[in-house]
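Comments concern the structure below.
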Amino acid sequence: MSKSILVVDDTRSMRAMVAAVLQGAGYEVAEAGDGVEALELARARVFDLVVTDHNMPRMDGVTLVRELRALPNYDPVALIVLSTEASTELKQKGRDAGATGWMAKPFDPQRMLDIVGKFI
């Protein structure tokens, strides 16, 4: 059974790029357009890893990370923030919320696969 990854980004083309890289490596990928949609999917099933954008409507990535960490099944799940924002302050907020890691956009596909491979 392949590992499942939830990709969360309000930009459809970015979701498609991330999904294509992950699917090409054999992962099962589900997609959500924002944090609210992602949280609904995460409550319905447990993913092995979540990759989320930060700047999104309705619920940003750091808030999503915090909400996912509040779900008992998501305590051991790696939560990676993928964002154009990479300030030290925002990264710290992400860590405080429970993010496992932070990647900058644009992302390098091989680096993403290396990071994902470390966690699942």
Specify the closest pair of heavy atoms between Glu31 and Ala19, including all atoms of both residues, with the distance to one decimal. OE2-CB, 3.5 Å
Side-chain donor-acceptor pairs under 3.5 Å in residues 82-89, sequence neighbours left out?
residue, atom, partner, partner atom, Å
Ser83, OG, Glu85, N, 3.0
Glu85, OE2, Asn55, ND2, 2.6
Ser87, OG, Leu90, N, 3.0

Under the rule for side chain to side chain donor-acceptor pair (under 3.5 Å), what residues qualify as partners of Asp60, not counting sequence neighbours? Thr63
Val62 and His54, any side-chain heavy atoms less than 4.5 Å apart: yes
According to a 4.5 Å side-chain heavy-atom criterion applied to Ile, Leu, Val, Met, Phe, Trp and Tyr, with indirect links allowed, do Leu64 and Met103 form part of one hydrophobic cluster? no
Can you check side-chain contact (heavy atoms from CB on, under 4.5 Å) on Lys3 and Phe119, steps first, answer last? CA-CA 11 Å; Lys3 298 289 187 174; Phe119 294 112; over 6 Å; no
Applying a strict under-4.5 Å side-chain criterion to I, L, V, M, F, W and Y, I'd like to know whether Leu113 and Met14 cluster together. yes
With sequence neighbours left out, the residues meeting side chain to side chain contact (heavy atoms under 4.5 Å, CB included) with Val116 are Ile5, Leu22, Tyr27, Leu49, Met112, Ile120
Shortest non-hydrogen separation from Gly35 to Met56 and the atoms involved: N-CE, 3.8 Å
Contact summary for Ala42 and Leu68, nearest pair of heavy atoms: CB-CD2, 3.4 Å
Contacts of Arg43 meeting side chain to side chain donor-acceptor pair (under 3.5 Å) (sequence neighbours excluded), chain-then-number -> none
Where at least one partner belongs to residues 47-56, residue pairs that pass salt bridge (Lys or Arg N to Asp or Glu O under 4.0 Å), sequence neighbours excluded: Asp53-Lys105
Which atom pairs, one a donor and one an acceptor, fall under 3.5 Å between side chains of residues 71-78 and the rest of the protein, sequence neighbours left out?
residue, atom, partner, partner atom, Å
Tyr74, OH, Arg45, O, 2.8
Tyr74, OH, Phe47, N, 2.9

Shared ILVMFWY cluster between Leu79 and Val7, side chains joined below 4.5 angstrom? no
Heavy-atom closest contact (Asp9 atom, Arg15 atom, distance): O-NH1, 2.6 Å
Quick one: do Val21 and Val50 end up in the same hydrophobic cluster if we chain Ile, Leu, Val, Met, Phe, Trp and Tyr together by side-chain heavy atoms under 4.5 Å apart? no
Over all heavy atoms of both residues, which pair between Gly61 and Thr52 is shortest? Give the atoms and the distance, please. CA-OG1, 4.0 Å
Rounded to the nearest 0.5 Å, how far does CG of Leu39 lie from CD of Glu67? 5.5 Å
Set of residues satisfying side chain to side chain donor-acceptor pair (under 3.5 Å) with respect to Arg66, sequence neighbours excluded: none
Does any pair with a residue in residues 107-120 pass side chain to side chain donor-acceptor pair (under 3.5 Å), and if so which ones, sequence neighbours excluded? Gln110-Asp114
Please answer whether the main-chain N or O of Val36 pairs with a side-chain N or O of Arg58 as donor and acceptor at a distance below 3.5 Å. no
Side chain to side chain contact (heavy atoms under 4.5 Å, CB included) against Ala32, all qualifying residues, sequence neighbours excluded: Leu6, Val8, Glu37, Ala38, Leu41
For the hydrophobic clusters of this structure (ILVMFWY residues joined by side-chain heavy atoms under 4.5 Å, transitively), does one cluster hold both Trp102 and Ile80? no
